[in-house]
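Before any comments, here is the structure.
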Amino acid sequence: MSMDLFEQLKRFITEIEQAQAADAEALEQFRKKFVGAKNVIKPLQKGIRELEAEQRPVFGQLLNKAKQLAEEKYKALKASIEAGQEAEEVDKLDLTAPAEPLELGARHPVAIVMDRIIDVFSRIGFTIAQGPEIEDDWHNFTAMNTPEDHPARDMQDTYYLMNDPAMLLRTHTSSVQSRVMESQKPPIRIIAPGRVYRNETISARSHCQFHQVEGLYIDEGVSFADMKQTMLYFARQMYGPDARIRLRPSFFPFTEPSAEMDVYWGLQSETDYRITKGTGWLEILGCGMVDPNVLENCGIDPNRYSGFAFGMGIERQAMLQYRIGDIRLFFENDLRFLKQFKAAL
Ligand code: PHE
(Lines give C-alpha, C1' and ligand atoms only; values in the text may rest on other atoms or scores of the structure.)
Protein backbone atom coordinates (compact mmCIF):
# COMPACT_ATOMS: atom_id res chain seq x y z
CA MET A 1 0.00 0.00 0.00
CA SER A 2 2.75 2.42 1.04
CA MET A 3 4.67 1.68 -2.14
CA ASP A 4 1.50 2.41 -4.09
CA LEU A 5 1.29 5.92 -2.62
CA PHE A 6 4.87 6.74 -3.67
CA GLU A 7 4.31 5.15 -7.04
CA GLN A 8 1.14 7.10 -7.59
CA LEU A 9 2.74 10.42 -6.66
CA LYS A 10 5.77 9.82 -8.87
CA ARG A 11 3.52 9.04 -11.79
CA PHE A 12 1.71 12.33 -11.28
CA ILE A 13 4.98 14.19 -11.10
CA THR A 14 6.14 12.68 -14.38
CA GLU A 15 2.81 13.50 -15.92
CA ILE A 16 3.08 17.12 -14.76
CA GLU A 17 6.60 17.44 -16.06
CA GLN A 18 5.69 16.12 -19.47
CA ALA A 19 2.39 17.91 -19.79
CA GLN A 20 1.71 20.08 -22.80
CA ALA A 21 -1.25 22.26 -23.66
CA ALA A 22 -1.99 23.06 -27.27
CA ASP A 23 -4.95 25.28 -26.51
CA ALA A 24 -7.01 26.86 -23.76
CA GLU A 25 -9.11 23.74 -23.38
CA ALA A 26 -6.10 21.49 -22.72
CA LEU A 27 -4.81 24.07 -20.27
CA GLU A 28 -8.10 23.98 -18.38
CA GLN A 29 -7.95 20.21 -18.17
CA PHE A 30 -4.47 20.40 -16.70
CA ARG A 31 -5.64 23.00 -14.20
CA LYS A 32 -8.57 20.90 -13.01
CA LYS A 33 -6.47 17.78 -12.63
CA PHE A 34 -3.40 19.20 -10.85
CA VAL A 35 -4.15 22.72 -9.54
CA GLY A 36 -7.88 23.12 -9.00
CA ALA A 37 -9.76 22.57 -5.75
CA LYS A 38 -10.44 18.93 -6.60
CA ASN A 39 -6.99 18.06 -7.88
CA VAL A 40 -5.65 14.51 -7.83
CA ILE A 41 -2.74 15.23 -5.51
CA LYS A 42 -4.84 16.25 -2.56
CA PRO A 43 -6.34 12.84 -1.73
CA LEU A 44 -2.84 11.36 -1.49
CA GLN A 45 -2.23 13.63 1.47
CA LYS A 46 -4.59 11.61 3.62
CA GLY A 47 -2.64 8.45 2.84
CA ILE A 48 0.30 9.84 4.80
CA ARG A 49 -1.14 8.29 7.98
CA GLU A 50 -0.67 4.82 6.54
CA LEU A 51 3.08 5.33 6.12
CA GLU A 52 5.89 4.29 8.42
CA ALA A 53 6.99 7.11 10.68
CA GLU A 54 10.35 7.62 8.91
CA GLN A 55 8.74 7.67 5.48
CA ARG A 56 6.28 10.41 6.33
CA PRO A 57 8.60 13.42 6.02
CA VAL A 58 10.04 12.08 2.73
CA PHE A 59 6.57 11.65 1.36
CA GLY A 60 5.50 15.08 2.66
CA GLN A 61 8.37 16.73 0.82
CA LEU A 62 7.58 14.93 -2.38
CA LEU A 63 3.97 15.98 -2.03
CA ASN A 64 4.96 19.62 -1.70
CA LYS A 65 7.27 19.35 -4.64
CA ALA A 66 4.44 17.95 -6.74
CA LYS A 67 2.10 20.82 -5.79
CA GLN A 68 4.72 23.42 -6.52
CA LEU A 69 5.63 21.79 -9.80
CA ALA A 70 1.96 21.71 -10.83
CA GLU A 71 1.53 25.41 -10.17
CA GLU A 72 4.70 26.39 -11.97
CA LYS A 73 3.85 24.21 -14.92
CA TYR A 74 0.37 25.68 -15.07
CA LYS A 75 1.77 29.21 -15.19
CA ALA A 76 4.26 28.30 -17.88
CA LEU A 77 1.64 26.60 -20.05
CA LYS A 78 -0.70 29.53 -19.64
CA ALA A 79 2.02 32.04 -20.57
CA SER A 80 2.97 30.12 -23.68
CA ILE A 81 -0.64 29.91 -24.83
CA GLU A 82 -1.06 33.67 -24.32
CA ALA A 83 2.17 34.39 -26.16
CA GLY A 84 0.86 32.26 -29.00
CA GLN A 85 -2.31 34.30 -29.15
CA GLU A 86 -0.37 37.55 -29.24
CA ALA A 87 1.84 36.25 -32.00
CA GLU A 88 -1.27 35.35 -33.92
CA GLU A 89 -2.62 38.89 -33.50
CA VAL A 90 0.66 40.40 -34.65
CA ASP A 91 0.47 38.15 -37.70
CA LYS A 92 -2.91 39.64 -38.46
CA LEU A 93 -1.57 43.24 -38.27
CA ASP A 94 -1.23 44.88 -41.65
CA LEU A 95 1.88 46.97 -41.30
CA THR A 96 1.38 48.47 -44.74
CA ALA A 97 -2.02 49.95 -43.84
CA PRO A 98 -2.13 53.78 -43.64
CA ALA A 99 -1.74 55.16 -40.08
CA GLU A 100 -4.58 56.70 -38.10
CA PRO A 101 -4.67 60.41 -39.00
CA LEU A 102 -3.08 62.67 -36.36
CA GLU A 103 -4.90 65.88 -35.61
CA LEU A 104 -2.53 68.78 -36.14
CA GLY A 105 -2.77 71.71 -33.75
CA ALA A 106 -2.82 75.34 -34.85
CA ARG A 107 -0.26 78.02 -34.06
CA HIS A 108 -1.33 80.79 -31.74
CA PRO A 109 -2.28 83.99 -33.63
CA VAL A 110 0.23 85.96 -31.54
CA ALA A 111 3.01 83.58 -32.61
CA ILE A 112 1.94 83.81 -36.25
CA VAL A 113 1.99 87.61 -36.31
CA MET A 114 5.19 87.81 -34.25
CA ASP A 115 6.94 85.58 -36.78
CA ARG A 116 5.71 87.73 -39.66
CA ILE A 117 7.09 90.89 -38.04
CA ILE A 118 10.40 89.17 -37.29
CA ASP A 119 10.52 87.99 -40.89
CA VAL A 120 9.95 91.49 -42.31
CA PHE A 121 12.77 92.99 -40.24
CA SER A 122 15.23 90.13 -40.63
CA ARG A 123 15.09 90.71 -44.40
CA ILE A 124 16.73 94.11 -43.86
CA GLY A 125 19.38 92.86 -41.48
CA PHE A 126 17.81 93.05 -38.01
CA THR A 127 18.70 90.20 -35.66
CA ILE A 128 16.71 88.99 -32.66
CA ALA A 129 17.67 90.03 -29.13
CA GLN A 130 16.08 88.80 -25.93
CA GLY A 131 15.95 89.85 -22.30
CA PRO A 132 14.39 88.70 -19.01
CA GLU A 133 10.69 89.19 -18.21
CA ILE A 134 11.61 89.80 -14.56
CA GLU A 135 13.63 92.96 -15.01
CA ASP A 136 15.43 95.39 -12.74
CA ASP A 137 14.41 99.00 -12.31
CA TRP A 138 17.52 100.23 -14.14
CA HIS A 139 16.96 98.46 -17.46
CA ASN A 140 13.20 98.96 -17.56
CA PHE A 141 13.05 102.59 -16.41
CA THR A 142 16.10 104.49 -15.21
CA ALA A 143 18.47 103.67 -18.08
CA MET A 144 15.59 104.47 -20.43
CA ASN A 145 15.60 108.06 -19.19
CA THR A 146 12.68 107.50 -16.80
CA PRO A 147 14.15 108.06 -13.32
CA GLU A 148 12.25 107.37 -10.13
CA ASP A 149 9.44 109.89 -9.58
CA HIS A 150 9.28 110.67 -13.30
CA PRO A 151 5.59 111.09 -14.13
CA ALA A 152 5.97 108.87 -17.23
CA ARG A 153 6.27 105.88 -14.90
CA ASP A 154 2.59 106.23 -14.09
CA MET A 155 1.66 105.37 -17.66
CA GLN A 156 3.28 101.99 -17.24
CA ASP A 157 2.24 100.94 -13.75
CA THR A 158 3.39 97.38 -13.19
CA TYR A 159 4.02 94.53 -10.76
CA TYR A 160 6.94 94.79 -8.35
CA LEU A 161 8.29 91.67 -6.65
CA MET A 162 7.36 91.52 -2.98
CA ASN A 163 10.63 90.04 -1.79
CA ASP A 164 12.71 92.48 -3.88
CA PRO A 165 11.03 95.80 -4.76
CA ALA A 166 13.92 96.71 -7.07
CA MET A 167 12.71 93.96 -9.43
CA LEU A 168 9.60 94.15 -11.57
CA LEU A 169 7.79 92.51 -14.47
CA ARG A 170 8.97 94.48 -17.50
CA THR A 171 6.45 96.96 -18.82
CA HIS A 172 7.89 97.09 -22.32
CA THR A 173 10.51 95.37 -24.43
CA SER A 174 12.47 98.65 -24.39
CA SER A 175 14.35 97.09 -21.46
CA VAL A 176 16.08 94.92 -24.05
CA GLN A 177 17.37 98.10 -25.77
CA SER A 178 19.32 99.09 -22.68
CA ARG A 179 20.72 95.58 -22.24
CA VAL A 180 21.88 95.39 -25.85
CA MET A 181 23.43 98.87 -25.81
CA GLU A 182 25.34 98.04 -22.63
CA SER A 183 26.80 94.88 -24.09
CA GLN A 184 27.30 95.65 -27.81
CA LYS A 185 29.11 98.29 -29.79
CA PRO A 186 27.37 100.05 -32.70
CA PRO A 187 26.36 99.36 -35.38
CA ILE A 188 23.37 97.83 -33.60
CA ARG A 189 20.36 96.52 -35.50
CA ILE A 190 18.06 94.37 -33.38
CA ILE A 191 14.44 93.52 -32.83
CA ALA A 192 13.25 92.26 -29.45
CA PRO A 193 10.01 90.29 -29.37
CA GLY A 194 8.53 89.25 -26.03
CA ARG A 195 5.90 89.33 -23.32
CA VAL A 196 5.31 92.43 -21.20
CA TYR A 197 3.12 93.25 -18.19
CA ARG A 198 1.12 96.22 -16.99
CA ASN A 199 -1.17 96.76 -14.06
CA GLU A 200 -4.27 97.38 -16.15
CA THR A 201 -7.89 96.51 -15.69
CA ILE A 202 -8.63 93.68 -18.06
CA SER A 203 -11.12 94.60 -20.76
CA ALA A 204 -11.79 93.94 -24.43
CA ARG A 205 -9.05 96.47 -25.31
CA SER A 206 -6.40 96.02 -22.64
CA HIS A 207 -4.87 93.20 -20.63
CA CYS A 208 -2.34 92.89 -17.82
CA GLN A 209 -0.07 90.91 -20.14
CA PHE A 210 0.57 91.25 -23.85
CA HIS A 211 3.37 91.01 -26.41
CA GLN A 212 5.53 93.60 -28.07
CA VAL A 213 8.20 93.78 -30.73
CA GLU A 214 10.83 96.42 -30.16
CA GLY A 215 13.34 97.63 -32.72
CA LEU A 216 16.61 99.50 -32.30
CA TYR A 217 19.01 100.82 -34.91
CA ILE A 218 22.19 102.67 -33.91
CA ASP A 219 25.07 103.72 -36.10
CA GLU A 220 26.91 106.86 -37.20
CA GLY A 221 24.69 109.35 -38.99
CA VAL A 222 21.31 107.62 -38.53
CA SER A 223 18.58 110.19 -39.19
CA PHE A 224 14.84 110.65 -38.76
CA ALA A 225 14.50 110.05 -42.52
CA ASP A 226 16.04 106.56 -42.08
CA MET A 227 13.44 105.81 -39.42
CA LYS A 228 10.56 107.04 -41.54
CA GLN A 229 11.67 105.00 -44.53
CA THR A 230 12.14 101.85 -42.41
CA MET A 231 8.65 102.28 -40.93
CA LEU A 232 7.16 102.73 -44.40
CA TYR A 233 8.91 99.57 -45.57
CA PHE A 234 7.46 97.71 -42.58
CA ALA A 235 3.91 98.98 -43.17
CA ARG A 236 4.02 98.00 -46.85
CA GLN A 237 5.31 94.52 -46.06
CA MET A 238 2.58 94.01 -43.47
CA TYR A 239 -0.37 95.77 -45.05
CA GLY A 240 0.32 95.68 -48.77
CA PRO A 241 2.36 97.71 -51.29
CA ASP A 242 -0.10 100.62 -51.28
CA ALA A 243 -0.11 101.07 -47.50
CA ARG A 244 0.15 104.68 -46.35
CA ILE A 245 1.59 105.86 -43.05
CA ARG A 246 1.61 109.08 -41.08
CA LEU A 247 3.67 110.14 -38.10
CA ARG A 248 2.15 112.23 -35.33
CA PRO A 249 4.30 114.00 -32.73
CA SER A 250 4.25 112.18 -29.41
CA PHE A 251 6.25 111.72 -26.23
CA PHE A 252 8.34 108.87 -24.87
CA PRO A 253 11.01 109.52 -22.23
CA PHE A 254 13.61 107.49 -24.14
CA THR A 255 13.18 109.05 -27.60
CA GLU A 256 13.46 112.65 -28.79
CA PRO A 257 11.74 113.56 -31.02
CA SER A 258 9.04 110.90 -30.66
CA ALA A 259 6.18 109.93 -32.90
CA GLU A 260 3.15 107.73 -33.10
CA MET A 261 2.71 105.96 -36.40
CA ASP A 262 -0.67 105.36 -38.02
CA VAL A 263 -1.49 103.29 -41.11
CA TYR A 264 -4.40 104.13 -43.33
CA TRP A 265 -7.19 101.64 -42.71
CA GLY A 266 -10.02 103.13 -44.73
CA LEU A 267 -13.47 104.49 -44.00
CA GLN A 268 -15.80 102.20 -45.90
CA SER A 269 -17.85 100.47 -43.25
CA GLU A 270 -19.33 101.28 -39.91
CA THR A 271 -16.65 99.15 -38.25
CA ASP A 272 -13.97 101.21 -40.02
CA TYR A 273 -15.50 104.30 -38.46
CA ARG A 274 -15.59 102.68 -35.06
CA ILE A 275 -12.04 101.29 -34.92
CA THR A 276 -10.44 104.37 -36.50
CA LYS A 277 -12.60 106.74 -34.47
CA GLY A 278 -13.86 108.30 -37.67
CA THR A 279 -10.41 109.27 -39.00
CA GLY A 280 -9.62 106.29 -41.22
CA TRP A 281 -6.16 106.09 -39.57
CA LEU A 282 -5.09 103.39 -37.11
CA GLU A 283 -2.29 103.84 -34.63
CA ILE A 284 0.06 100.84 -34.74
CA LEU A 285 3.37 101.78 -33.14
CA GLY A 286 5.46 104.26 -31.19
CA CYS A 287 8.87 105.37 -32.42
CA GLY A 288 11.50 108.08 -32.21
CA MET A 289 15.18 109.04 -32.25
CA VAL A 290 17.00 107.50 -29.27
CA ASP A 291 17.43 110.19 -26.61
CA PRO A 292 21.13 111.11 -26.13
CA ASN A 293 20.68 110.53 -22.39
CA VAL A 294 19.80 106.90 -23.07
CA LEU A 295 22.91 106.43 -25.23
CA GLU A 296 25.04 107.95 -22.49
CA ASN A 297 23.41 105.83 -19.75
CA CYS A 298 24.32 102.74 -21.73
CA GLY A 299 27.91 103.73 -22.51
CA ILE A 300 27.50 104.87 -26.14
CA ASP A 301 28.94 108.24 -27.22
CA PRO A 302 25.97 110.44 -28.32
CA ASN A 303 28.30 112.80 -30.16
CA ARG A 304 29.38 110.04 -32.48
CA TYR A 305 26.30 107.83 -32.72
CA SER A 306 22.60 108.31 -33.27
CA GLY A 307 19.73 105.94 -33.82
CA PHE A 308 16.04 105.24 -33.80
CA ALA A 309 13.78 102.88 -31.88
CA PHE A 310 10.24 101.65 -32.29
CA GLY A 311 7.86 99.42 -30.40
CA MET A 312 4.51 97.85 -31.16
CA GLY A 313 1.92 95.61 -29.55
CA ILE A 314 1.50 92.27 -31.29
CA GLU A 315 -2.03 91.51 -30.11
CA ARG A 316 -3.10 94.78 -31.66
CA GLN A 317 -1.63 93.84 -35.04
CA ALA A 318 -3.25 90.39 -34.79
CA MET A 319 -6.61 91.95 -33.89
CA LEU A 320 -6.42 94.11 -37.00
CA GLN A 321 -5.26 91.36 -39.27
CA TYR A 322 -7.82 88.76 -38.19
CA ARG A 323 -10.56 91.20 -37.14
CA ILE A 324 -10.58 89.98 -33.54
CA GLY A 325 -12.73 92.17 -31.34
CA ASP A 326 -11.55 91.21 -27.84
CA ILE A 327 -7.95 90.98 -26.56
CA ARG A 328 -8.97 88.51 -23.81
CA LEU A 329 -9.44 85.79 -26.41
CA PHE A 330 -5.64 85.55 -26.83
CA PHE A 331 -5.16 84.37 -23.25
CA GLU A 332 -8.17 82.17 -22.56
CA ASN A 333 -6.95 79.07 -24.42
CA ASP A 334 -10.38 78.40 -25.83
CA LEU A 335 -9.88 75.79 -28.53
CA ARG A 336 -12.87 77.03 -30.51
CA PHE A 337 -10.98 80.30 -30.96
CA LEU A 338 -7.50 78.84 -31.46
CA LYS A 339 -8.51 76.20 -33.99
CA GLN A 340 -9.56 78.90 -36.42
CA PHE A 341 -5.92 79.70 -37.14
CA LYS A 342 -5.10 76.28 -38.57
CA ALA A 343 -5.14 77.57 -42.11
CA ALA A 344 -2.76 80.36 -41.13
CA LEU A 345 0.07 77.88 -40.36
N1 PHE B 1 8.15 101.31 -25.15
C2 PHE B 1 7.06 102.06 -25.72
C3 PHE B 1 5.75 101.52 -25.14
O4 PHE B 1 5.73 100.43 -24.62
C5 PHE B 1 7.02 101.96 -27.22
C6 PHE B 1 8.21 102.55 -27.88
C7 PHE B 1 9.36 101.81 -28.12
C8 PHE B 1 8.22 103.90 -28.24
C9 PHE B 1 10.45 102.38 -28.74
C10 PHE B 1 9.31 104.48 -28.85
C11 PHE B 1 10.43 103.73 -29.09
O12 PHE B 1 4.73 102.19 -25.16
Side-chain angles (χ1 to χ4, degrees), residues 107-135 139-140 143-144 155-156 158 169-181 184 187-198 200 205-218 222 226-240 243 245 247 250 252-255 258-263 265 282-290 294 307-322 324 327 330-331 341 344:
R107 298 194 60 218
H108 196 283
V110 168
I112 296 170
V113 173
M114 195 188 283
D115 278 357
R116 267 195 74 197
I117 299 172
I118 290 172
D119 199 42
V120 168
F121 283 105
S122 53
R123 262 179 266 147
I124 52 170
F126 283 73
T127 55
I128 296 176
Q130 279 180 313
E133 285 176 30
I134 299 177
E135 190 50 280
H139 290 101
N140 193 81
M144 299 308 290
M155 298 192 304
Q156 298 193 356
T158 190
L169 298 185
R170 68 178 178 195
T171 60
H172 50 185
T173 41
S174 303
S175 55
V176 182
Q177 282 190 42
S178 43
R179 287 185 174 273
V180 169
M181 283 188 272
Q184 291 177 29
I188 292 172
R189 219 178 321 177
I190 55 115
I191 46 170
R195 186 176 297 154
V196 301
Y197 304 84
R198 287 184 200 179
E200 301 226 22
R205 292 180 65 89
S206 57
H207 206 285
C208 59
Q209 57 168 340
F210 56 100
H211 297 76
Q212 286 188 331
V213 172
E214 189 92 3
L216 177 69
Y217 184 18
I218 296 182
V222 177
D226 294 322
M227 180 180 88
K228 208 174 154 187
Q229 215 44 42
T230 309
M231 294 301 100
L232 181 62
Y233 158 80
F234 167 69
R236 295 201 159 154
Q237 293 289 315
M238 284 299 278
Y239 298 99
I245 63 166
L247 295 175
S250 184
F252 298 103
F254 33 87
T255 47
S258 306
E260 217 107 42
M261 184 177 107
D262 302 340
V263 287
W265 182 254
L282 257 187
E283 177 196 323
I284 60 163
L285 56 82
C287 56
M289 301 306 291
V290 179
V294 174
F308 63 83
F310 53 91
M312 67 191 102
I314 297 174
E315 280 79 359
R316 191 173 165 82
Q317 310 273 337
M319 284 166 90
L320 293 176
Q321 199 163 325
Y322 299 117
I324 299 164
I327 196 172
F330 291 111
F331 303 103
F341 300 93

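Along the sequence shown, residues carry numbers from 1.
Checking each of Tyr239, Phe126, Phe121 against Phe234 for a ring pair (Phe, Tyr, Trp, His ring centres under 6.0 Å) leaves exactly one that passes, namely Phe121. Among Met261, Met312, Met238, Glu260, the one residue that satisfies the side-chain contact (heavy atoms from CB on, under 4.5 Å) test with Ile284 is Met261.
No donor-acceptor pair under 3.5 Å is formed between the side chain of Arg198 and the backbone N or O of Ser206.
Put simply, CD on Gln177 and NE2 on His139 are 12.0 Å apart, with the number rounded to the nearest 0.5 Å. The line from CG of Asn140 to OG1 of Thr171 is 3.5 Å long, rounded to the nearest 0.5 Å. Rounding to the nearest 0.5 angstrom, the gap separating the CZ atom in Arg189 from the CD1 atom in Ile124 is 8.0 Å. If you take CE on Met319 and CD1 on Ile314, they are separated by 14.0 Å, rounding to the nearest 0.5 Å.
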| request: Go through the steps for Arg205 and Ile327 under the test side chain to side chain contact (heavy atoms under 4.5 Å, CB included), then give the verdict. | output: CA-CA 6 Å; Arg205 292 180 65 89; Ile327 196 172; 5.8 Å; no
| query | Is there a side chain to side chain contact (heavy atoms under 4.5 Å, CB included) between Cys287 and Leu247 once you walk through the steps? | reply | CA-CA 9 Å; Cys287 56; Leu247 295 175; 4.1 Å; yes
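In this structure, Phe210 has no ring-ring contact (aromatic ring centres under 6.0 Å, His included) partners at least two apart in sequence or on a different chain. Shown here are the side-chain contact (heavy atoms from CB on, under 4.5 Å) partners of Ile134, two or more places apart in sequence or in another chain: Leu161, Met167, Leu169.
At most 12 non-hydrogen atoms from other residues, nucleotides or ligands lie less than 6.0 angstrom from CD of Gln229.
Using a 3.5 Å distance cut-off with no hydrogens or angles, the side chains of Gln317 and Arg116 do not pair a donor with an acceptor. For the 3.5 Å distance criterion, the side chains of His207 and Glu200 fail to qualify, holding no donor opposite an acceptor.
Contact detail for Val180 and Ala129: the closest heavy-atom pair is CG2-CB, 3.7 Å.
Taking a cutoff of 4.0 Å between a charged side-chain nitrogen and a carboxylate oxygen, Glu283 and Arg316 do not qualify as a salt bridge.
Relative ring orientation between His108 and Phe330 is described as tilted, the plane-to-plane angle lying within the 30° to 60° band.
The ring of Phe254 has its center closer than 6.0 angstrom to the ring center of His172.
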